[in-house]
Asker: 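Let me give you the structure first, and then I'll get to my questions.
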Amino acid sequence: MFGLNKLFKKDNPLEQQIISELAAFKNGVFPLGINADWITNIDVQKSPIEVSLQLPFASNGMASLLSDTLSKRLDKRFDVTMTCILPKQYQYKEIKHIVLVASGKGGVGKSTTAVHIARALQAQGAKVGVLDADIYGPSIPSLFSVLGEKPTTHDNKTLNPIIKDEIKVQSIGFLVSPEDATVWRGPMASQALSQLLNETQWGEIDYLIVDMPPGTGDIQLTMTQKVPASGALIVTTPQDLALLDAQKGIAMFNKVNLPVLGVVENMSHFICTHCGEKSHVFGTRGAEQLAQRHGVPLLAEIPLNAKIREASEHKQTMLAHDTGIFEHYIACAQLLSSMLYYQALSTSTVDIVITDD
Ligand code: ADP
């Protein structure tokens with residue numbers, strides 16, 4: 001491990017330069033640069049020079065940008081590799097972070113966003129689970145192509161999640177018919193969410209993404225109070241009505257002191273497949289202004305794209321090979337995981353003891 005060689009590094013100017021360049025590398029994902037403690041190895045004898053990082057959040061895809069940056073800055077070839085190991089701070093059982101994905105209004109693409117962010121977090125190196133709590137239209141089983149599957153149990157008390165592409169999936173849709181669930185009142189809905197969370201064998205996961213029912217009423221409020229979440233993401237489209245409802249969503253989370261981690265603007269714009277021109281079909285800058293007004297980041301502007309709709313109709317999701325679209329979710333996942341890391345750092349209390357001597 002590189003940590004053991006830290007004294008030796010002091011004698012090697014190139015290694016020192018690499019460490020300084022990494023410390024100075026700042027962007028939205030690395031707001032404070034790259035901590036020297038995250039460097040697990042530097043091999044200047046290799047060509048390209050190898051640099052290995054172990055990040056406390058999911059951003060493995062940043063490796064190529066870092067390789068390019070180091071190559072430009074130091075005029076040598078670099079190969080940066082990254083792994084992701086989150087600190088062992090559990091929010092609930094062996095779950096490190098729970099993130100609620102909410103929307104003020106139905107049909108804005110909340111479930112689509114939840115699933116793609118889950119996939120993107122996993123593509124960036126994290127262990128991920130998805131909990132579908134959308135009692136009004138559980139679409140997660142369909143989006144993961146596991147419709148009709150039934151979770152198994154080994155002790156008649158707890159349920160094993162369905163595992164799809166290494167993501168652990170649990171849905172209200174696996175357990176009750178949609179007709180039954182839609183007539184539930186608040187207490188039943190929140191009870192169902194608690195049960196799904198408590199009685200699923202999640203094992204150790206970094207991020208549990210919860211697809212909440214749309215709306216900002218009592219049901220959503222009670223559900224929010226039942227889950228020890230790190231924060232919520234608000235999905236909206238640029239239309240005025242959706243934005244108004246999104247604003248109510250932010251107010252709801254503020255009421256229960258749950259941090260709003262950011263806003264995702266879905267169907268943000270349309271890029272013409274013929275001329276490449278970007279048009280803002282549903283209006284412009286609405287989500288940006290909403291985010292600004294509430295002091296939260298706008299984490300992504302996902303285009304309106306036929307492939308996203310087609311994929312969901314074919315009971316699939318976009319994957320890493322659909323780079324043009326999936327990269328929006330990747331960027332969002334990187335920002336989200338970095339924010340959660342720094343948020344946890346800032347809320348972990350440090351006791352400062354002042355003594356007379
Ligand atoms: P919600 O969970 O908010 O009800 P869904 O995620 O189920 O919304 O999405 C509603 C419909 O819109 C689905 O058919 C989905 O495929 C489609 N959709 C979502 N996001 C996009 C997008 N960015 N471009 C095109 N279609 C989209």
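Counting starts at 1 for both ligands and their atoms, in listed order.
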Asker: Please state which protein non-hydrogen atom is closest to atom 26 (N) of ligand 1 and give its distance, to 0.1 Å?
Answerer: Arg309 CB, 3.6 Å
Asker: Between the side chains of Asp79 and Lys46, is the shortest nitrogen-to-carboxylate-oxygen separation below 4.0 Å, so that they form an ion pair?
Answerer: no
Asker: Determine, using heavy atoms of Pro214 and all atoms of ligand 1, whether some pair is separated by less than 4.0 Å.
Answerer: no
Asker: With only distance considered, is Thr112 within less than 3.5 Å of ligand 1 through an N or O on each side?
Answerer: yes
Asker: Testing Ser103, Ser111, Ser139 one by one against Asp211 for a side chain to side chain donor-acceptor pair (under 3.5 Å), which residue passes?
Answerer: Ser111
Asker: Could you go through Lys93 and Glu204, starting from their C-alpha distance and side-chain angles, then the distance that decides it, and tell me whether this counts as salt bridge (charged side-chain N to carboxylate O under 4.0 Å, His left out)?
Answerer: CA-CA 8 Å; Lys93 292 189 179 169; Glu204 188 178 55; over 6 Å; no
Asker: Once you measure the plane-to-plane angle for Trp38 and Phe30, does it fall in the parallel (<30°), tilted (30-60°) or perpendicular (>60°) bin?
Answerer: tilted
Asker: Quiz question for you: does at least one protein heavy atom lie closer than 4.0 Å to atom 15 (C) of ligand 1?
Answerer: yes
Asker: Please give me the minimum heavy-atom distance between Val146 and Lys164, naming the atom from each residue.
Answerer: CG1-CD, 3.8 Å
Asker: Please list the nearest protein heavy atom to atom 8 (O) of ligand 1 with its residue and the distance rounded to 0.1 Å.
Answerer: Gly109 N, 3.1 Å
Asker: Pairs of nitrogen or oxygen atoms closer than 3.5 Å, one from Leu304 and one from ligand 1: do any exist?
Answerer: no
Asker: Which bit of Asn266 is near ligand 1, meaning a heavy atom under 4.0 Å away: side chain, backbone, both or neither?
Answerer: side chain
Asker: Any nitrogen or oxygen of Ser111, main chain or side chain, under 3.5 Å from a nitrogen or oxygen of ligand 1?
Answerer: yes
Asker: Establish, yes or no, whether a centroid distance under 6.0 Å links the rings of Phe57 and Tyr207.
Answerer: no
Asker: Among all protein heavy atoms in this structure, tell me which lies nearest to atom 10 (C) of ligand 1, with the distance rounded to 0.1 Å.
Answerer: Gly107 O, 4.1 Å
Asker: Tell me: protein heavy atom nearest atom 13 (C) of ligand 1, and distance?
Answerer: Ser312 OG, 4.0 Å
Asker: Which heavy-atom pair separates Phe174 from Val169 by the least distance, and what is that distance?
Answerer: CE1-O, 3.7 Å
Asker: List the closest protein heavy-atom neighbour of atom 18 (N) of ligand 1: residue, atom name, distance to the nearest 0.1 Å.
Answerer: Met267 CE, 3.8 Å
Asker: Can you confirm whether more than 12 heavy atoms, excluding those of Asn198, are under 6.0 Å from its CG atom?
Answerer: yes
Asker: How far is atom 25 (C) of ligand 1 from the closest protein heavy atom, and which atom is that?
Answerer: Asn305 O, 3.1 Å
Asker: Could an N or O of ligand 1 be found under 3.5 Å from any N or O of Pro303, whether backbone or side chain?
Answerer: yes
Asker: When only distance counts, is Val108 in polar contact with ligand 1, meaning an N/O pair under 3.5 Å?
Answerer: yes
Asker: Quickly, which of Ile205, Leu86, Leu208 forms a side-chain contact (heavy atoms from CB on, under 4.5 Å) with Lys96? Name it, please.
Answerer: Leu86
Asker: For ligand 1, find out whether one of its N or O atoms is nearer than 3.5 Å to an N or O atom of Lys105.
Answerer: no
Asker: Examine Lys110 against ligand 1 and note whether any of their N/O atoms are separated by less than 3.5 Å.
Answerer: yes
Asker: Can you tell me if CG on Asp75 sees more than 12 non-hydrogen neighbours from other groups inside 6.0 Å?
Answerer: no
